[in-house]
Amino acid sequence: MDFVSGLNSQQQQAVKADFGPVLVMAGPGSGKTRVLTQRVAYLIGAMGVSSYNLMAVTFTNKAANEMKERVIRLIGEDTRGLTIGTFHAICARILRRETEHLPFTSNFVIFDSDDQISLIKSSLRELNIDEKRYRPQSVHGSISNAKNELIMPDEYPINSYRDEVVRRVYHYYQGLLLNNNALDFDDLLLWMASLLEENLSVRERYARRYEHILVDEFQDTNLAQYTLLKHLASFHKNIYVVGDTDQSIYRWRGADYRNVLRFERDFPGTQLILLEQNYRSTQVILDVAMSVINRNPQRTPKRLFTDRGKGQKVNLHVVLDDRTEAEYIINTIASLVARGQAQPGDFAVMYRTNAQSRLLEEAFLGAGLPYKLVGAQRFYGRREIKDIISYLRLIHNPVDELSLLRIISTPARGIGDKTLNALRTRAQKIGVEPGNLLIEMGRNPESAHNKAFTKRAAAVLSSFGRLLANWIDMLENHTPLGMMDRIIDDINYQPYIDDGTDEGHSRWENIMELRRLAADFQDRGLEPFLEQIALVSDQDTIEAGAKVPTLLTLHAAKGLEFPIVFIAGLNDGVLPHSRSFEDPEEMMEERRLLYVGITRAKDILYLVFSLNRSAFGYSEPVDPSRFLRDIPEDLLDGVLLKKKRDHQASIPSHPERWRVPQSEGSTPPKTKDNRYKPGMRVTHSTWGEGMVLNSKLDDSDEIVDVFFKEAGLKKVVASLAGLEIIP
DNA sequence: ATGGACAATGTTTTT
DNA sequence: CATTGTCCAT
């Protein structure tokens, strides 16, 4: 069978590479996913490797599913036994199998970020640490970093008082997780890595099983991931990794692109294969991308080329503020669609932070155009979803106190702080978990436990315990969906959530959506369902052939491509983000992030920056992104940033777009004394004619942003500049 | 015990 | 401004 047809010679070389360690360095759009897929098919179909002996690690669950399907299509046989998925999913699966060597049981739950933060908070409270001084998020961040670096609580290095605090919290937090029979995201990697590190027989078993290991997006692995890969590949040493250091954008999550260098050191005789040709973008887009990324020092220079032709120039567009930005983007999309030059599904709008999506959403809504938002207010983060999931989680793992806490009063059943405390005290006294105590009380209403409570408390607690016990009893012969329906019915959830308001209605709709998802697990049971829910990523929700524009963060855009891409908010402070300014390493990562965004575009790219941006409710002047200065002018259409003498540096062709929609109602009171208003045309003695973009009162003077036809953007002080208004 | 009203406080990116 | 936490009235 032919596994390399339609591939270029580099790609063919990559697919048919000899066994042993292989490092494929692949630029954006060079077909690396395809190479990885064909490699898997080649190993199974041509080299006779059993799929049972093969592991493929992908970046998203979606990528894993796609790869599985494509492999099946290529070799026309079942891939049962094939280990494929994200690091986290694969680790979870293996850990459940190996719990005899681990301090938790196989029905462990995976705590999501909310759960993790609440656990940190209880740790802080329990240890009498001030939450104001030590922010839960930040303490959690430190702990997470430690875990990614395989540092255990007792090894946490102390160089400051804060470190000491973190260490104590880390220790306590880890204890709480185990009490709950729970793992956080980092634990999945940490426990897996340390199991392989410490238990020789387990390591050998898996290392022997996995004859071939393939890893996508290798530049985004952290030390924990690297270590477990190393152990898994320790027997056969057939490890095949694909990556691009220029697309490393998860440093803050512990990812270390230097793993690429470490790889060549740890696996002597690594074959290095470069995939250079780009099949996605036009040459102009690639040139723009290179002009941005080439400013990063210490890179192995990489050429990006395509035979797709030059293509049209990249549009650089300036807008007055972030609201105008959203309008500009939506208008442009609408007009391209109206003129039949593009389909709605061709577009993606990308931004640095999730917060930026709001104005865009409003603009889409305002224009009555449909769109698809990736991430942000995640489906699984919604209250009603978390409620039901918590019920299921508790039934699956009654030790999960966090879930218990959440649902014991949802809906309210007369169990408040006092009763709850009594329950916990009693539980602690007899050395059993609150959840199990409840269940016991439910099963045995006359038990001695009841005497430990007031009559009322005993009644409400055992009636709730009765519910739990009933659900647990039906677990064995019911599907996840069956369980869900029963719970919803038993607790009368619909009237509770669907309160007649629009919001209540939409909450109920969400529950119906969750039912649909549960239906896919009819034959697989509750555990896989819960696990899937815990480990889905935003990117997994992106449908392939969307019929509407997609809104997503630059991070979420990795690995995707769109015919027409807008990158919004190209301002200093947003991209690069202000929190990256001091750290050169982080600035480099911001640059890579822009690089990733640019290289998502196949045909047309719009770069948009604005002159003002609302930070805290109020609009503030901001600078264009410093990265824009690195793009050669001849690749750009639209505004020019540098004040050049020549006149093409001109106002974009639709000045009316710049006019501030004369604000209905709530503008800051400053307008009272502003002489210059956005949209006014003015002249200046040296800079000639221009248009007012913004004006701000500063003490008694007025600072005016003017875009001059000849001179470009200037900030002028009204009293000194001698601006004349053209009627 | 519960839920509503106000105040304080905080903005990267995510498995 | 938008979320989250705390206080207070029911």
Open item on the list: Under 4.0 Å, heavy atoms only, any strand: does A:R358 hit a base, just the sugar-phosphate, or nothing?
Closed with: sugar-phosphate

Open item on the list: Distance check, C1' atoms only: C:dT6 and B:dT11, in whole angstrom units.
Closed with: 22 Å

Open item on the list: Starting the side chain at C-beta, find the nucleotide from B:dT11, B:dT14, B:dT13 nearest to A:R253.
Closed with: B:dT14

Pull out every protein N or O sitting under 3.5 Å from an N or O of nucleotides 4-9 of chain B, one pair per line with the distance.
none

Task: Spacing between A:I143 atom CD1 and B:dT14 atom P, to the nearest angstrom - done: 21 Å

- [ ] Pick base, sugar-phosphate or nothing for A:K147, based on heavy-atom distances below 4.0 Å to the nucleic acid.
- [x] nothing

Review item, nucleotides 1-3 of chain B N/O atoms under 3.5 Å of protein N/O:
from, atom 1, to, atom 2, distance (Å)
B:dA1, OP1, A:T419, OG1, 3.4
B:dT2, OP1, A:R413, N, 3.4
B:dT2, OP1, A:G414, N, 2.7
B:dT2, OP2, A:I415, O, 3.2

- [ ] Find the distance A:I90:CD1 to B:dT15:C1' and express it as a whole number of Å.
- [x] 13 Å

TODO: List in chain and number order the residues that pass ring-ring contact (aromatic ring centres under 6.0 Å, His included) with A:Y493, two or more places apart in sequence or in another chain; answer none if no residue qualifies.
DONE: A:Y496

Open item on the list: Enumerate the salt bridge (Lys or Arg N to Asp or Glu O under 4.0 Å) contacts for residues 404-418 of chain A, please, sequence neighbours excluded, ordered by first and then second residue.
Closed with: A:D387-A:R406

- [ ] Remember a base hit wins even if backbone is also touched, and classify A:Q116 as base, sugar-phosphate or nothing at under 4.0 Å, heavy atoms.
- [x] nothing

Open item on the list: Counting C-beta onward and ignoring hydrogens, is there a side-chain heavy-atom pair between A:F464 and A:L404 closer than 4.5 Å?
Closed with: yes

Task: Residues that A:D583 engages under salt bridge (Lys or Arg N to Asp or Glu O under 4.0 Å), provided they are two or more places apart - done: A:R251

Task: Any A:T60 side-chain nitrogen or oxygen under 4.0 Å from OP1 or OP2 of B:dT15 - done: no

Open item on the list: Is any side-chain heavy atom of A:V215 closer than 4.5 Å to one of A:F87?
Closed with: yes

TODO: Applying ring-ring contact (aromatic ring centres under 6.0 Å, His included), name anything that partners A:F562, two or more places apart in sequence or on another chain.
DONE: none

Task: ring-ring contact (aromatic ring centres under 6.0 Å, His included) partners of A:F364, counting only residues at least two apart - done: A:Y371

TODO: Looking only at side-chain atoms of A:A556, point me to the closest of C:dT4, B:dT13, B:dT14.
DONE: B:dT14

Task: Side-chain heavy atoms of A:V574 within contact of A:S625, under 4.5 Å - done: no

TODO: Send over the distance from A:Q356 CD to C:dA2 P, rounded to a whole Å.
DONE: 15 Å

TODO: Round to a whole Å and report the spacing from CG of A:N148 to P of B:dT14.
DONE: 16 Å

Open item on the list: Side chain of A:W252, heavy atoms from C-beta onward: which of B:dT15, B:dT11, B:dT13 has the nearest atom to it?
Closed with: B:dT13

- [ ] Using whole Å, report how far CG of A:N145 lies from P of B:dT13.
- [x] 16 Å

Task: Which residues share a salt bridge (Lys or Arg N to Asp or Glu O under 4.0 Å) with A:R358, sequence neighbours left out - done: A:E362

TODO: Tell me whether the OP1 or OP2 atom of B:dT14 has a side-chain N or O from A:K558 closer than 4.0 Å.
DONE: no

Task: Residue whose closest nucleotide on DNA chain B lies nearer the 5' end, A:Q137 versus A:N61 - done: A:Q137

Open item on the list: In whole Å, I'd like the distance from the CD atom of A:E131 to the P atom of C:dT6.
Closed with: 7 Å

Task: With sequence neighbours excluded, residues passing salt bridge (Lys or Arg N to Asp or Glu O under 4.0 Å) with A:E590 - done: A:R352

TODO: Answer yes or no: does a side-chain N or O of A:N354 lie under 4.0 Å from OP1 or OP2 of B:dT14?
DONE: yes

- [ ] Take atom OH of A:Y595 and atom P of B:dT13, then tell me their distance rounded to the nearest Å.
- [x] 24 Å

TODO: Calculate the interatomic distance between A:D322 atom CG and C:dC1 atom C1'; express it in whole Å.
DONE: 13 Å

